[in-house]
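Everything on this sheet refers to the single structure shown next.
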Amino acid sequence: DAGVIQSPRHEVTEMGQEVTLRCKPISGHDYLFWYRQTMMRGLELLIYFNNNVPIDDSGMPEDRFSAKMPNASFSTLKIQPSEPRDSAVYFCASSRYRENTEAFFGQGTRLTVV
Amino acid sequence: EDQVTQSPEALRLQEGESSSLNCSYTVSGLRGLFWYRQDPGKGPEFLFTLYSAGEEKEKERLKATLTKKESFLHITAPKPEDSATYLCAVQPPYNTDKLIFGTGTRLQVFP
């Protein structure tokens with residue numbers, strides 16, 4: 001398996017534009033997690049899905065953020081409209097078991113909003 | 001509020017100079033504590049899970065230990081390839097699907 005695949009690897013956009021980040025989890029993994037990483041706050045869980053259903057979105061910072069998982073092999077995280085403070089590295093991770101043991105992370109998307 | 005604090009923020013070691021990284025937490029009734037390694041430009045990579053005080057796990061030059069309030073990652077005779085950021089995360093009892101991460105320790109090992 002190629003692991004968790006995220007795209008794009010880098011994204012530079014202007015404030016106010018819509019941004020869509022994409023993730024393909026490892027086949028057979030039932031859990032998918034979206035994290036945001038910044039120097040100040042470290043890794044923060046934004047939302048996670050189990051069997052394509054959103055379970056907890058309490059980490060999503062604002063209504064500008066939304067996430068979907070239309071099928072077991074694809075998820076998106078959308079920011080609309082984007083703001084400079086959204087600049088961060090966004091990671092997608094997947095795991096097989098409920099207790100989040102050994103989650104596998106993607107390479108991340110570095111988002112810069114100017 | 002549940003918190004995970006890692007220290008030091010950064011550590012510079014000479015090759016072969018052993019040391020320890022600390023992870024302290026305020027989560028009561030911890031279900032699990034995880035250590036990850038993160039290389040620049042990459043996602044975190046799983047190293048260990050510890051579940052109970054007194055437990056130890058080893059992998060090559062790394063050994064993780066757990067007490068009731070903190071965990072240590074001991075690095076014995078490190079090599080330059082051990083240079084990375086080491087992240088600690090805890091699994092709270094009220095939601096075992098979640099991990100609460102610390103901000104990491106950035107380790108640099110010089111030849």
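Reminder, nothing fancy here: chain letters follow the sequence lines and each chain counts from 1. Small disclaimer: the values here were computed from a predicted structure and weren't measured.
The shortest heavy-atom contact between A:Gln37 and B:Leu87 is NE2-CD1, 4.4 Å. The two atoms that bring A:Tyr35 and B:Leu99 nearest to each other are OH-CB, 3.9 Å, heavy atoms only. In plain terms, the two heavy atoms of B:Pro44 and A:Leu43 that are nearest each other are CG-CD1, 3.8 Å.
In terms of hydrophobic clustering, with Ile, Leu, Val, Met, Phe, Trp and Tyr side chains grouped at heavy-atom distances under 4.5 Å, B:Leu66 and B:Val4 are assigned to a common cluster. In the hydrophobic clustering of this structure, A:Tyr90 does not group with A:Tyr31; members are Ile, Leu, Val, Met, Phe, Trp, Tyr whose side-chain heavy atoms approach within less than 4.5 Å, directly or through other members. Grouping the Ile, Leu, Val, Met, Phe, Trp and Tyr side chains by contacts below 4.5 angstrom, directly or via other members, places B:Phe101 apart from A:Trp34. Side-chain heavy atoms closer than 4.5 Å link hydrophobic residues (I, L, V, M, F, W, Y) into clusters, and following such links, possibly through other members, connects B:Phe48 to B:Val27. B:Ile75 and B:Leu11 fall within the same hydrophobic cluster, where Ile, Leu, Val, Met, Phe, Trp and Tyr residues are linked whenever their side-chain heavy atoms come under 4.5 Å apart, directly or through other members.
For A:Arg9, the part lying under 4.5 angstrom from a heavy atom of chain B is the side chain only. B:Glu45 does not touch chain A: none of its heavy atoms, backbone or side chain, sits under 4.5 Å away.
The environment of B:Gln14 atom CD is dense: over 12 non-hydrogen atoms of other residues, nucleotides or ligands sit within 6.0 angstrom. Residue-environment remark: CD (B:Glu81) exceeds the threshold of 12 foreign heavy atoms within 6.0 Å. Around the CZ atom of B:Arg61, the shell of radius 6.0 Å holds more than 12 heavy atoms that belong to other residues, nucleotides or ligands.
For B:Phe46 and A:Phe105, the ring centers sit 6.0 Å or farther from each other.
When the heavy atoms of residues 45-77 of chain A are compared with those of chain B, the residues falling under 4.5 Å are A:Leu45, A:Tyr48, A:Asp56, A:Ser58, listed by number.
Interatomic distance, B:Lys42 NZ to A:Phe91 CZ, rounded to the nearest 0.5 Å: 11.5 Å.
If you tally non-hydrogen atom pairs under 4.5 Å between each of B:Gly32, B:Gly41, B:Ala89, B:Gly102 and chain A, the highest count goes to B:Gly41.
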